[in-house]
Amino acid sequence: MSSVILSVVAGERVQKPGRTTRSTNPAQLSDVVGTIGSAGPEVFVQAAEAARSAQAAWAATPAPQRGQVISNVGRLMTLNKDRLAALVTREIGKPLGEALGEVQEIIDTCDFFLGEGRRLYGQTVPSEMPDKQLFTFRRPVGTVAVITAGNFPVAVPSWYIVPALLCGNTVVWKPAEYSTVVSDAFYEIFAHSGVPAGVFNLVYADGPDTFSGLEQALEAGLINKVGFTGSSAVGTRIGELCGRHLQTPCLELGGKNPMVITEDAELDLAVEGALFSGFGTAGQRCTSLGTAIVHRSVYDEFLDRFGQATAGAAMGDPTQDVLFGPLLDEKFAAGFEKSLGWIAAHHRVIGRTGRVTADNPRAGFVGDPATGLFYHPTIVADVQADDELFLNETFGPVVSLTPYSTLDEAIALGNKSGYGLSSSIYTTDPNKAFRFAQGISAGMVSVNNSTSGAEAHLPFGGNGKSGNGSRQSGMWVLDQFTRWQSMNWDYSGKLQKAQMDTETVEADLSFQLP
């Protein structure tokens with residue numbers, strides 16, 4: 001693509017980028033997917049001003065009509081599913097099958113929320129006094145700033161943007177710099193679905209300029225809600241900034257997700273789940289498997305089977321039938337190499353580590369590893385609870401293993417890192433499954449399934465270092481993008497004072513049966 005991709009404010013492209021950056025294909029680094037014009041903080045503020053100006057008219061649009069716009073988005077996503085998925089694969093290196101699934105998740109989200117345009121229910125509530133009625137209403141929060149990562153460049157933004165728009169809010173979206181070309185395609189589908197100019201604005205900027213712009217927009221009273229998906233470290237700063245303005249952001253952060261494998265688990269099924277959740281998307285999901293916590297009686301057998309399955313998994317060119325492709329970007333490769341430095345002398349390493357090269361080959365590699373950011377899938381056994389590898393998110397294709405003796409010990413190990421996003425247990429004992437779900441701190445629990453994989457109508461989110469308890473997806477996300485308003489309507493023709501003018505029903509409370 002030869003032209004520079006620019007931010008969009010009030011339906012118009014910003015004409016003067018502060019600088020330009022290139023987005024490259026991580027599986028083919030010589031392939032420049034696009035050139036992006038990065039904006040300064042002032043463009044973020046301008047976008048917030050445009051969104052603020054457009055919000056009242058959008059909120060006044062009947063909710064079923066807003067639902068029709070969401071329906072249009074879903075239809076256009078369906079029409080462009082193959083094209084958008086191919087662009088996801090090209091720009092971030094996600095295997096095509098996963099990319100198609102990601103676009104399908106947008107379609108599923110639209111299918112769910114188009115109906116919410118007719119179901120933004122409030123309640124009627126009985127009053128304690130005569131000739132008086134009480135009501136509750138959902139109102140839009142106002143203008144929403146959405147800042148997202150690029151490992152799920154289209155599905156995750158839809159979790160915020162679709163319900164935010166449906167509820168009558170306007171949006172300023174800042175996607176990741178390394179996924180801007182597919183982000184622009186995502187925006188264009190919304191723009192052609194009937195979303196009015198100014199209702200959905202798009203800003204391309206780096207991290208510092210985004211933070212500065214958000215800070216200025218909050219100080220000017222232009223932003224009413226912030227949704228952020230990214231690292232726990234940045235999420236902490238976003239939370240502090242919003243707290244200064246008495247706002248509660250929607251934070252979806254990192255994870256160190258445990259998978260407990262009990263002595264009665266079906267090991268082949270557990271291996272299949274660990275392989276997908278540990279190495280799918282090259283371990284670059286917030287829900288990727290961090291540590292497999294395996295009962296001592298099956299520890300060695302599971303390790304052997306998991307090692308064989310990992311060695312036989314296809315990796316490489318993401319346009320082919322592979323489990324995973326490259327890391328997303330050079331900065332993530334550098335970060336993952338730092339994580340590999342946490343491997344210590346007391347660990348047992350199964351398989352190779354580091355970048356796949358001619359000198360460090362991967363048997364059965366699909367394609368040419370020299371063209372991209374391809375890293376070996378690595379299993380590290382005998383990891384201890386105080387190891388850096390146990391406690392920290394790695395965001396790459398490495399899975400730790402640690403043994404346990406009792407279920408209470410396994411639950412304590414699963415909670416130790418302080419993250420609380422996703423978790424999994426493999427067991428044939430319902431008692432163990434429910435005890436695990438009750439004790440684990442994660443916001444999401446899977447039984448005999450992987451730590452990865454979210455359905456569009458189930459709440460998604462975590463606790464601790466994984467988030468602030470906010471939830472996305474399904475009807476639960478409506479609480480992020482609406483505020484409750486109560487109304488009392490007294491038609492008695494006189495002032496009736498609650499708690500003071502109420503009638504008291506007398507009773508003989510000394511009565512006893514003979």
Side-chain angles (χ1 to χ4, degrees), residues 59 63-64 66-67 70-71 73-74 102 104-123 136-149 152 154-169 171 173 224-230 235 238-239 242 247-255 257 285-287 419-424 437-438 440-447 449 451-486:
R66 298 196 299 263
I70 298 305
S71 175
V73 173
E102 183 170 344
Q104 184 61 47
E105 191 163 354
I106 308 171
I107 298 165
D108 293 345
T109 298
C110 290
D111 285 348
F112 182 88
F113 281 105
L114 68 90
E116 285 303 308
R118 298 183 183 274
R119 288 193 302 270
L120 286 174
Y121 297 140
Q123 298 91 24
T136 65
F137 302 91
R138 283 191 183 273
R139 306 296 190 197
V141 294
T143 298
V144 179
V146 176
I147 304 168
T148 54
F152 282 83
V154 290
V156 168
S158 75
W159 295 354
Y160 294 100
I161 295 166
V162 169
L165 294 177
L166 184 280
C167 290
N169 304 284
V171 173
W173 178 36
N224 305 103
K225 183 76 176 186
V226 178
F228 173 77
T229 295
I238 297 286
C242 292
Q247 291 189 22
T248 302
C250 181
L251 300 176
E252 197 275 288
L253 310 176
N257 307 294
R285 304 182 185 121
C286 55
T287 56
Y419 291 92
L421 184 56
S422 184
S423 63
S424 173
Q438 183 176 5
I440 201 71
S441 63
M444 299 178 289
V445 177
S446 291
V447 179
N449 202 349
T451 58
S452 296
E455 296 192 37
H457 50 283
L458 197 67
F460 185 100
N463 314 304
K465 291 191 290 185
S466 293
N468 59 346
S470 57
R471 292 296 181 265
Q472 299 170 30
S473 300
M475 65 181 185
W476 298 270
V477 76
L478 297 178
D479 290 331
Q480 297 300 315
F481 298 118
T482 57
R483 55 182 174 83
W484 281 109
Q485 181 185 66
S486 62

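All values below were derived from every heavy atom in this structure, side-chain atoms included, with hydrogens, water molecules and symmetry-related copies excluded.
Of the N and O atoms on the side chains of E105 and W159, at least one donor lies less than 3.5 Å from an acceptor on the other residue. Side chains of S446 and S424: no donor on one and acceptor on the other come within 3.5 Å.
Looking at residues two or more places apart in sequence or on another chain, you find a side-chain hydrogen bond (donor to acceptor under 3.5 Å, both in side chains) between Q104 and K81, D108. Listed by chain and residue number, nothing satisfies the salt bridge (Lys or Arg N to Asp or Glu O under 4.0 Å) test with R483 (two or more places apart in sequence, or in another chain).
In this structure, the side chains of L165 and R66 stay at 4.5 Å or more apart for every pair of heavy atoms. In this structure the side chain of C110 reaches within 4.5 angstrom of the side chain of V162, judged on heavy atoms. Inter-residue side-chain proximity for I147 and T229 is flagged as unmet; no heavy-atom pair is nearer than 4.5 Å. Taking the side chain as every heavy atom from C-beta outward, L458 and Q472 never approach each other to under 4.5 Å. Counting heavy atoms from C-beta outward, L120 and C167 have side chains that approach closer than 4.5 Å. Annotation: side chain of V226 is not in contact with side chain of C250 (no heavy-atom distance under 4.5 Å). For the pair L421/M444, a side-chain contact is recorded, criterion being any heavy-atom separation below 4.5 Å from C-beta on.
Of all non-hydrogen atoms in G239 and L251, the two that sit nearest each other are CA-CD1, 4.3 Å. Nearest heavy atom pair, residue L478 against residue E116, reads CD1-OE1, 3.4 Å.
At least one donor-acceptor pair closer than 3.5 Å links the side chain of T136 to the backbone N or O of Q123. A donor-acceptor distance shorter than 3.5 angstrom exists from the side chain of N169 to the backbone of V141, with no hydrogens or angles considered. Judged by distance alone, the side chain of R138 and the main-chain N or O of Q485 form no donor-acceptor pair under 3.5 Å. With hydrogens and angles disregarded, a donor-acceptor distance shorter than 3.5 Å links the side chain of R471 to the backbone of G462. At least one donor-acceptor pair closer than 3.5 Å links the side chain of Y160 to the backbone N or O of F228. Between the side chain of K225 and the backbone N or O of T248, at least one donor-acceptor pair lies under 3.5 Å. For the pair N257 (side chain) and C286 (backbone), a donor-acceptor distance under 3.5 Å is present. In this structure, T451 contributes its side chain and T287 its backbone to a donor-acceptor pair below 3.5 Å. Using modelled atom types, one side-chain atom of S466 and one backbone atom of G254 make a donor-acceptor pair closer than 3.5 Å.
Distance check, rounded to the nearest 0.5 Å: OG1 of T109 to CG of L166 gives 11.5 Å. Note that OG of S71 and CG of D111 are 7.5 Å apart. Values are rounded to the nearest 0.5 Å. Atom-to-atom distance recorded for S473:OG and Q480:CD is 11.0 Å, nearest 0.5 angstrom. We find the CD1-CG distance between I440 and N463 to be 11.0 Å, quoted to the nearest 0.5 Å.
Ring centroids of W484 and F137 are separated by 6.0 Å or more, keeping the two rings apart.
Geometrically, R119 does not engage Y121 in a cation-pi contact, judged by NZ or CZ lying under 6.0 Å from the ring centre and within 45° of the ring axis.
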Item to complete: Starting from the C-alpha separation in whole Å, work towards a yes-or-no answer on side-chain contact (heavy atoms from CB on, under 4.5 Å) for E455 and F460.
Response: CA-CA 9 Å; E455 296 192 37; F460 185 100; over 6 Å; no
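Residue-environment remark: CZ (R118) stays at or below the threshold of 12 foreign heavy atoms within 6.0 Å.
Under the 30°/60° scheme for interplanar angles, the aromatic rings of F112 and H457 are found to lie parallel.
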